Chemist: 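Please read through the structure below; I'll follow up with questions.
In what follows, chains carry the letters A, B, and so on, assigned in the order in which the sequence lines appear, proteins first and then strands, with residues in each chain numbered from 1. Everything numeric here is computed off the predicted structure, so don't read it as measured data.
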There are 2 protein chains.
Amino acid sequence: MTQTLHTPRATGQAAITVDLVILTIRGGELQALLIERGNPPYRGQLALPGGFVRDSETLDQAALRELHEETALDGRQLHLEQLRTYGDPHRDPRQRVVTVAYLALGPNLPVPTAGTDAQAAGWHPVGQALTRVLAFDHSTIIREALERARSQLEYTTAAAAFCPEPFTIGDLRQVYEVVWGFPLDPSNFRRKVTRAEHFLRPTSEHRVAETGRPAALYRRGSAQLLHPPLLRAGARARAQFTAAALR
Amino acid sequence: MTQTLHTPRATGQAAITVDLVILTIRGGELQALLIERGNPPYRGQLALPGGFVRDSETLDQAALRELHEETALDGRQLHLEQLRTYGDPHRDPRQRVVTVAYLALGPNLPVPTAGTDAQAAGWHPVGQALTRVLAFDHSTIIREALERARSQLEYTTAAAAFCPEPFTIGDLRQVYEVVWGFPLDPSNFRRKVTRAEHFLRPTSEHRVAETGRPAALYRRGSAQLLHPPLLRAGARARAQFTAAALR
DNA sequence: ATAATAGTGTCTGTAAGACATTATATA
DNA sequence: TATATAATGTCTTACAGACACTATTAT
């Protein structure tokens, strides 16, 4: 027990790692950063980036460090949160490894440099990533991360973490559409996010696109939570109805 | 890294425990199960129940086992979910201990038996528990657990886990009032929960109270999520307004 | 009758969904 | 001009908050 801990024994000892589900939007698609394993087990298979937690660092610090090693970004610009911990005794065939999974959302992240262990790292559309067999229990982790990300968009302002500043309301709407996988009404979406307090900070600038009226540019506001939430339920019902009508 | 793990080294090794925030409603108050530590460090201080994860069990199994050891209940009747993982390198002064915290919600749990390590276990109102200094980082854990529980009541049917079956709508409303800490309109609450699909399963029975009209009895329905959610925001705003008016 | 809680009904304000209309750019 | 996207406005529906009113028990 935490309370007694008379003697340090093998019981309860495990290696601690952090694994990162790093999501970004590239080419109008939601993509996740995956590495190709260079060593057994699961050699040659895709896996989430991650690594050991060092003796001197907190779990959050370990996640930030791994994030920096993989994407050369510091955590100040993006959304990073603990997702869940996975500790099945046989999730790693070699020894017991308990991994704390983190979810990171970032804007237009760069093509990753070659990993420190000469592992190829690259972006993969999450749709593909979900159908592939990943190493360890990483398929489960990425599936739960995607659901968390979708849910975060409902109740928080996390969607703005996907947008490089400054951004338009159209950019922000595209984030929702790509992550949720169905279209939103542009008019109602605008009304919703502009009325939410401190979600968007207006600028006086505009962006001239290839075509169409120039769009006003915004920056991220101070709000973390979205009140009231922007729920998928109604829109999803409509999308399902549409999908049913097409069958 | 999880991916390489060339050599088993000290780096990343830690003891793994589970800690439980077990909440129930007793005497119209939200209470948490705490143990009094019989050994240093933090001897004599209050702490969350918990213990080592065994080599052969999953994290969820460890939480269920500890729950059974502390309350003599199996997990089938109550709500149990992983809360968060705490791994500050100095959270335990003796060695590195990473703990996976769980949140358990149960109906009218019994007075706990003496702990296996002769530790006194007992129920404490969460309000008091929050003001006391608990062992380790358990004050943080219980604070985050309370916020999670309050949030769960908004988006899920978890409130019913606090009610011994069968229960009345008044019982269920009292759960919300006790956990959230402010009163709800009985009429609107009834409309909300009865219209939510598969939240409540009606029975043909009624309960005759000391006074007042007998109340219809319900059992928990199959729904896990509450659509649309029952948000604190509006009600909280009213409560704050009321509190402000009283000052 | 009175008190107390259960349960129903109604009015109002807010916000979401659907969709029409106007504004401003490029080709 | 046509086309595309931005931005505003309008109508309707769903639902929450407030609260009046009825129902059914015990004292």
Chemist: Check step by step if side-chain hydrogen bond (donor to acceptor under 3.5 Å, both in side chains) holds for A/Y86 and A/D19.
Modeler: CA-CA 10 Å; A/Y86 300 83; A/D19 283 320; over 6 Å; no

Chemist: Under 4.0 Å, heavy atoms only, any strand: does B/R195 hit a base, just the sugar-phosphate, or nothing?
Modeler: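 Counting heavy atoms under 4.0 Å across all strands, no contact is made by B/R195.
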
Chemist: Take atom CG of A/L217 and atom P of D/dT5, then tell me their distance rounded to the nearest Å.
Modeler: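 These atoms are roughly 17 Å apart.
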
Chemist: If you apply the rule side-chain contact (heavy atoms from CB on, under 4.5 Å), what do you find for A/E29 with A/W123, and how did you get there?
Modeler: CA-CA 10 Å; A/E29 271 190 307; A/W123 294 105; over 6 Å; no

Chemist: Should A/E177 and A/R173 count as an ion pair when the cut-off is N to O under 4.0 Å?
Modeler: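 Looking at A/R173 together with A/E177, the answer is yes, because their closest N to O distance falls below 4.0 Å.
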
Chemist: Could A/E144 and A/R148 be called an ion pair, given the rule that one side-chain N must be under 4.0 Å from one carboxylate O?
Modeler: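 A salt bridge is absent here (no side-chain N lies under 4.0 Å from a carboxylate O).
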
Chemist: Return the value, rounded to whole Å, for the distance between atom CG of B/L231 and atom P of C/dA15.
Modeler: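 Rounded to whole Å, this separation is 12 Å.
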
Chemist: Tell me yes or no: between the side chains of A/H68 and A/E66, is some donor less than 3.5 Å from an acceptor?
Modeler: no

Chemist: Tell me which residues in residues 166-176 of chain B put a heavy atom below 4.0 Å from DNA chain D, sorted by number, or none.
Modeler: none

Chemist: NE2 of B/H227 versus C1' of D/dA16: gap in Å, rounded?
Modeler: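 The distance from NE2 of B/H227 to C1' of D/dA16 comes to 18 Å, rounded to the nearest Å.
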
Chemist: Using a 4.0 Å heavy-atom cut-off to protein, can you give one letter per nucleotide of nucleotides 22-27 of chain C, 5' to 3': B if the base is in contact, S if only the sugar-phosphate is, - if neither?
Modeler: -BBBS-

Chemist: Side-chain donor or acceptor of B/S187 under 3.5 Å from a matching atom on the base of D/dG17?
Modeler: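 There is none.
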
Chemist: Round to the nearest Å and state the distance from A/D185 atom CG to D/dA6 atom C1'.
Modeler: 13 Å

Chemist: Here's a test of your reading of the structure: between B/P229 and A/A215, which maps to the more 5' nucleotide of DNA chain D?
Modeler: A/A215

Chemist: Answer yes or no: is there an ion pair linking A/E147 with A/R143, defined by an N-O contact shorter than 4.0 Å?
Modeler: no

Chemist: Just the rounded figure in Å: distance from P of C/dA18 to CZ of A/F182.
Modeler: 11 Å

Chemist: From the set D/dA20, D/dT8, C/dA16, return the single nucleotide nearest to any side-chain atom of A/R190.
Modeler: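 Shortest atom-to-atom distance from the side chain points to D/dT8.
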
Chemist: Rounding to an integer number of Å, can you tell me how far B/L226 CG sits from D/dC15 P?
Modeler: 12 Å

Chemist: Separation of B/R232 atom CZ from D/dG17 atom P, in whole Å?
Modeler: 13 Å

Chemist: Should A/L230 and A/Y176 be marked as a side-chain contact (heavy atoms from CB on, under 4.5 Å) after you check the CA-CA gap, both sets of side-chain angles, and the distance that decides it?
Modeler: CA-CA 10 Å; A/L230 176 45; A/Y176 278 87; 3.9 Å; yes

Chemist: Please test A/D88 against B/T58 for side-chain hydrogen bond (donor to acceptor under 3.5 Å, both in side chains), starting from the C-alpha separation and ending with a verdict.
Modeler: CA-CA 5 Å; A/D88 187 279; B/T58 66; 5.8 Å; no

Chemist: To the side chain of B/N188, which of D/dA18, C/dG7, D/dA7 is closest?
Modeler: D/dA18

Chemist: Checking B/Q224 side chain against B/T157 main chain: does a donor-acceptor pair fall under 3.5 Å?
Modeler: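 Not at all, since once roles are kept as given, no pair shorter than 3.5 Å links the two residues.
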
Chemist: Quick one: the side chain of B/R191 and the base of C/dG7, do they pair up donor-acceptor inside 3.5 Å?
Modeler: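 By the distance-only test, no, there is no pair.
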
Chemist: Would you say a side-chain N or O of B/K192 is under 4.0 Å from OP1 or OP2 of D/dC15?
Modeler: no

Chemist: One pair to check against side-chain hydrogen bond (donor to acceptor under 3.5 Å, both in side chains): B/D171 and B/Y218. What are the steps and the verdict?
Modeler: CA-CA 10 Å; B/D171 294 338; B/Y218 296 83; over 6 Å; no

Chemist: Using whole Å, report how far CZ of B/R207 lies from P of C/dG7.
Modeler: 11 Å

